[in-house]
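Worksheet: one structure, shown below.
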Amino acid sequence: MIDGVTLTASGILALLINVIGVFWLKERLKQSIGHEYSKKLEAFKKEIQSELQHEQQVFNLGAMSHMAGTVFDKHVEFSELYIEKVMEAFHYLRSNRDSEKAIGFAGDLTKLRFKFSAWLTNDIDLQLIKFEDKLRTLGANSEYIKMPKGEGTNQEHRDQAARELLEILSAFTSWKEPSSNHPEVQLNYIQNSLRDVLGVNKLVKIRELIVQNANSQLTNKGSQTR
């Protein structure tokens, strides 16, 4: 009788142990599955977020490329028109003695600069104003020394105006000898200054980099979706 009771108790204990073991295994399995699911869910969220950021970058690069292209085109248009007018003044003043015409050339350049003012920076204005002011001084001095003597003029001022006129005119029409007094009016100087001030070389490089980056982003996106 005792042996039967003992066996029954042992069986019940073994059954309880098995039930507890199965329950423990189920809980561990549930926890393991839940943990794995959480990891995959977090990875999925990060993947979606990364994809959204990638799309935003592609959009931003496209917008930047369009704006940079627009600014670049405006600067190129302005610089070509400005240099064309400078060259017109150069050839005219080099072959004619009526230097007072320089005032008109300076006015045309100022009007051109105002026309493109929405696309130009203060630094560009300051650099080009120096050149335009030199042309105005050239023309004003030419008009001054041609005025009859005694009509609001004196010989000392006339001589000073004549010297300055010859210096500016020589600096502007000479492309071989550098000018220490009026370097900003020399043809080579103003051409190089326009390239630097307008940032043509830098804009070309930036535009190329933007296009290259945009193409690289689009290529990578295409490779990932295949």
Side-chain angles (χ1 to χ4, degrees), residues 50-96 101-139 168-169 171-176 178-179 182-225:
S50 177
E51 183 68 18
L52 289 174
Q53 290 177 349
H54 174 74
E55 295 290 343
Q56 185 65 38
Q57 288 176 356
V58 172
F59 175 80
N60 291 339
L61 285 171
M64 289 173 60
S65 178
H66 173 72
M67 189 59 187
T70 300
V71 173
F72 175 80
D73 292 340
K74 289 293 183 181
H75 279 188
V76 168
E77 182 183 1
F78 169 75
S79 61
E80 288 178 347
L81 292 173
Y82 199 94
I83 291 177
E84 182 181 352
K85 180 58 67 174
V86 170
M87 293 301 297
E88 182 183 346
F90 169 78
H91 289 298
Y92 182 87
L93 295 174
R94 189 163 176 255
S95 58
N96 294 274
K101 294 283 188 180
I103 295 178
F105 287 118
D108 291 340
L109 291 170
T110 301
K111 290 178 183 178
L112 181 61
R113 186 163 45 81
F114 283 166
K115 180 181 178 181
F116 286 84
S117 60
W119 304 98
L120 305 179
T121 65
N122 291 333
D123 289 339
I124 292 177
D125 278 337
L126 291 175
Q127 290 292 332
L128 299 182
I129 284 173
K130 293 179 181 179
F131 173 72
E132 295 163 15
D133 284 348
K134 288 293 183 180
L135 287 186
R136 287 191 178 88
T137 301
L138 174 62
I168 296 175
L169 183 61
F172 181 52
T173 57
S174 175
W175 63 93
K176 293 182 179 179
S179 172
H182 309 282
E184 64 273 10
V185 81
Q186 290 198 287
L187 184 61
N188 289 338
Y189 178 88
I190 191 62
Q191 287 176 329
N192 291 330
S193 294
L194 277 172
R195 295 189 188 102
D196 293 339
V197 170
L198 299 177
V200 173
N201 293 331
K202 291 181 180 179
L203 283 171
V204 171
K205 186 63 177 178
I206 291 172
R207 187 168 184 246
E208 290 176 350
L209 289 174
I210 290 174
V211 172
Q212 289 175 2
N213 288 336
N215 289 336
S216 177
Q217 293 284 350
L218 293 173
T219 300
N220 292 336
K221 178 177 172 58
S223 300
Q224 293 174 358
T225 55

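Both backbone and side-chain heavy atoms feed into the values below; hydrogens, waters and symmetry mates do not.
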Please assess Y92 against F105 for the test ring pair (Phe, Tyr, Trp, His ring centres under 6.0 Å), listing each intermediate value before the final yes or no.
-> CA-CA 10 Å; Y92 182 87; F105 287 118; 5.8 Å; yes
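Considering every non-hydrogen atom in both F78 and L112, the closest pair reads CE1-O, 3.9 Å. When all heavy atoms are compared, the tightest approach of I168 to L138 is CG2-CB, 4.0 Å. Between W119 and T70 the shortest heavy-atom distance is CH2-CG2, 3.7 Å. Counting all heavy atoms, side chain and backbone alike, G139 lies closest to A102 at N-CB, 3.8 Å.
Here the CD1-CD distance, from I129 to E184, works out to 13.0 Å after rounding to the nearest 0.5 Å. Separating the OG1 atom in T110 from the CZ atom in R136 is a distance of 3.5 Å, to the nearest 0.5 Å. If you take CD on E132 and CG on D108, they are separated by 10.0 Å, rounding to the nearest 0.5 Å. Interatomic distance, Q186 CD to T173 OG1, rounded to the nearest 0.5 Å: 9.5 Å. To the nearest 0.5 Å, atom CG of residue L128 and atom CG of residue L109 are 8.5 Å apart. In this structure, CD1 in I124 is found 4.0 Å from OG1 in T121, a value given to the nearest 0.5 Å.
A 6.0 Å sphere centred on CG of N96 holds more than 12 heavy atoms belonging to other residues, nucleotides or ligands.
At a threshold of 4.0 Å, the pair K130-D133 does not count as salt-bridged, since none of the basic side-chain nitrogens sits closer than that to a carboxylate oxygen.
Side chains of H182 and F172 form no contact here, defined as non-hydrogen atoms less than 4.5 Å apart.
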Just distance, no hydrogens or angles: give the donor-acceptor pairs under 3.5 Å from side chains in residues 84-91, sequence neighbours left out.
unit_1 : atom_1 : unit_2 : atom_2 : d
K85    : NZ     : E88    : OE1    : 3.0

